[in-house]
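Input: a single structure, listed below in structure tokens.
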Amino acid sequence: MSESTDSPSANATFEQIGEVLRSNQSFVLLSHVRPDGDAIGSQLALGFSLLAMGKSVRMINEDGLPENLAFLPGSERIETPPAEPLDVEVAIALDTATKPRLGEAALHAASRAKLWLNIDHHISNPKYGHYNLIDATSPATGEILYDLITALDLPLPPETRDAIYVAVSTDTGSFQYPSTTARTYEMAADLVRRGLDVGTINSQTYDENPFRRLELMRALLNTLERSPDGIVAHWEMREQTRLDLALRPEDSEGLIDVIRAIRGVQVAVFFEDLPDGKVRVSMRSKDRELDVCKIAMEFGGGGHALAAGIRMKGPLEEAKQHVLTAIRKRVEETRKHS
Ligand code: 5GP
Ligand code: MN
């Protein structure tokens with residue numbers, strides 16, 4: 001399963017990507033189901049740069065624009081997939097670890113594209129594009145796009161500037177996770193110099209929680225459990241809670257950080273009933289040795305060493321048992337090695 005260095009689909013250079021962007025006229029930009037700030041932010045960032053180059057651009061997401069990201073300038077351009085395939089030359093997948101995570105309707109909408117670009121920062125990405133730009137050391141796809149846009153001297157309009165900032169801020173827990181580097185702060189400084197309004201954009205990103213999100217947190221706290229050694233903490237959201245509180249998919253985004261932040265906890269897990277009967281598992285680790293991406297991959301999921309997820313078969317109780325057992329196994333193994 002490991003990424004081999006002699007992979008036939010090595011990364012493209014910025015110049016190769018630039019050539020594809022310059023020499024084609026029509027693009028569809030895609031990101032993963034249940035999009036987060038990095039997914040939508042990446043679409044808007046590259047989308048508005050291409051629009052400023054005079055290109056024809058559609059920005060499609062299987063689940064559309066989440067309410068909490070509607071403050072992003074230009075976000076009204078994010079559409080749910082049209083029923084008929086789009087007449088476009090190039091499809092660009094952003095922030096999406098595997099092609100199926102783009103969603104069936106979105107894939108259908110993009111099915112006429114002759115050329116696929118795949119730009120992402122997930123280590124588990126199998127490089128499914130004709131041209132791939134996968135940098136697992138980058139904290140967000142938004143930062144890869146910043147590097148690409150500035151290196152190629154592509155347009156960086158205000159929509160792109162704000163979208164990059166929100167993409168990186170949300171994927172780094174407000175510039176806090178260890179993936180944040182000096183380059184990340186330099187990028188942020190450059191965006192501020194380009195006119196980004198830090199106070200306003202942060203308050204739009206973080207100080208606009210709908211009340212039901214806090215009600216959800218209260219419900220989650222009532223399910224909180226911790227392993228006897230204090231290493232694993234988990235909580236869960238049942239279907240009834242979703243119905244009672246009239247929750248939207250984005251309402252649970254980021255709440256897992258609350259249990260990740262418990263002293264002594266190395267792995268935090270969030271189990272959630274999905275409307276389709278499947279179970280979504282969200283995992284966070286504080287220790288690279290306890291690689292949650294590897295655990296997610298055992299169940300067909302993926303992500304990063306410190307943040308990963310799965311969509312798996314329900315019911316929740318069973319999914320929980322399987323995943324917690326796999327985590328326990330990893331914890332014991334890691335202990336043996338250290
Ligand atoms: P989150 O817990 O925030 O939903 O996701 C954490 C990370 O794991 C993200 O980078 C996300 O893209 C990835 N991830 C979440 N769910 C899945 C999944 O079902 N499959 C794969 N391959 N990756 C996932
Ligand atoms: Mn991301």
Side-chain angles (χ1 to χ4, degrees), residues 1 3 30-46 61-63 66 68-69 93-104 118-128 133-146 163-175 177 179-180 184 220 234-237 249-260 267-272 274 276 278-286 291-314 319 323 327:
M1 286 298 239
E3 298 221 359
L30 307 160
S31 68
H32 59 80
V33 294
R34 285 195 54 152
D36 55 12
D38 194 25
I40 296 292
S42 293
Q43 286 184 280
L44 294 172
L46 186 57
N61 184 277
E62 185 85 0
D63 297 323
N68 63 328
L69 294 169
L94 296 164
D95 196 43
T96 305
T98 64
K99 211 169 173 183
R101 269 184 56 79
L102 293 168
E104 269 178 38
N118 171 14
I119 304 178
D120 186 26
H121 69 131
H122 292 97
I123 189 139
S124 56
N125 192 305
K127 298 190 170 165
Y128 52 85
L133 192 53
I134 313 302
D135 180 359
T137 68
S138 192
T141 304
E143 186 172 316
I144 300 176
L145 292 175
Y146 170 82
I164 290 172
Y165 183 85
V166 170
V168 177
S169 175
T170 53
D171 251 28
T172 54
S174 317
F175 302 93
Y177 296 162
S179 55
T180 314
T184 312
L220 289 173
H234 58 93
W235 62 14
E236 65 202 47
M237 177 182 141
E250 65 266 26
D251 290 336
S252 58
E253 190 77 43
L255 290 181
I256 191 172
D257 287 335
V258 174
I259 56 173
R260 177 185 161 276
V267 181
V269 202
F270 178 27
F271 299 95
E272 174 182 344
L274 292 176
D276 64 5
K278 288 200 174 163
V279 175
R280 174 171 171 261
V281 184
S282 220
M283 294 186 281
R284 297 291 183 271
S285 168
K286 285 182 190 153
D291 183 333
V292 285
C293 182
K294 285 192 183 145
I295 298 168
M297 287 172 87
E298 289 178 34
F299 299 95
H304 315 276
L306 302 184
I310 318 165
R311 267 175 191 245
M312 61 192 288
K313 201 169 133 328
V323 172
I327 293 172

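Both counts, for ligands and for their atoms, begin at 1 and track the order of listing. Below, each value reflects all heavy atoms present in this structure, side chains not excepted, and no hydrogens, waters or symmetry copies.
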N/O/S atom of [X] inside 2.8 Å of the Mn ion (ligand 2), strictly under:
X      : value
Asp171 : yes
His122 : no
Asp38  : yes

Can you confirm whether [X] sits close enough to [Y] that some side-chain heavy atom of one is under 4.5 Å from a side-chain heavy atom of the other?
X      : Y      : value
Leu69  : Val166 : yes
Leu145 : Leu94  : yes
Met312 : Val323 : yes
Ile327 : Val269 : yes
His234 : Met283 : no

> Does the separation of the ring centres of Phe175 and Tyr165 fall below 6.0 angstrom?
Replying inline: yes

Check ligand 1 against [X] and write out every atom of the ligand that is under 4.0 Å from a heavy-atom position of the residue.
X      : answer
Arg284 : 1 (P), 2 (O), 3 (O), 6 (C)
His304 : 10 (O)
Arg311 : 19 (O)
Ser282 : 1 (P), 2 (O), 4 (O)

> Considering distance alone, does some N or O of Gly302 sit under 3.5 Å from an N or O of ligand 1?
Replying inline: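 N/O-N/O distance under 3.5 Å: yes.
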
>> Please check whether His122 reaches ligand 1 - meaning an N/O of the residue sits under 3.5 Å from an N/O of the ligand, judged on distance alone.
In response: yes

>> Leu133 vs Ile144, test: side-chain contact (heavy atoms from CB on, under 4.5 Å). Steps then yes/no.
In response: CA-CA 8 Å; Leu133 192 53; Ile144 300 176; 3.9 Å; yes

Any idea which protein heavy atom is nearest [atom], and the distance to it?
atom                    : answer
atom 7 (C) of ligand 1  : Ala307 O, 3.5 Å
atom 4 (O) of ligand 1  : Arg280 NH2, 2.9 Å
atom 15 (C) of ligand 1 : Gly309 CA, 3.4 Å
atom 20 (N) of ligand 1 : Arg101 CD, 3.2 Å

> Is it the side chain, the backbone, both or neither of Ile310 that has a heavy atom closer than 4.0 Å to ligand 1?
Replying inline: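 It is the backbone that touches ligand 1; the side chain stays farther off.
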
> What do the steps show when you test His304 against Asp291 for side chain to side chain donor-acceptor pair (under 3.5 Å), and what is the final call?
Replying inline: CA-CA 8 Å; His304 315 276; Asp291 183 333; over 6 Å; no

> Does Met297 have a heavy atom less than 4.0 Å from any atom of ligand 1?
Replying inline: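 Distance cut 4.0 Å: Met297 fails for ligand 1.
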
> Rounded to the nearest 0.5 Å, what separation is found between the OG atom of Ser169 and the CD1 atom of Ile164?
Replying inline: 13.5 Å

> What distance separates Ile310 CD1 from Ile295 CD1, expressed to the nearest 0.5 Å?
Replying inline: 8.5 Å

> How is the N/O/S atom of Asp95 that comes nearest to the Mn ion (ligand 2) named?
Replying inline: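 Nearest N/O/S atom of Asp95: OD1.
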
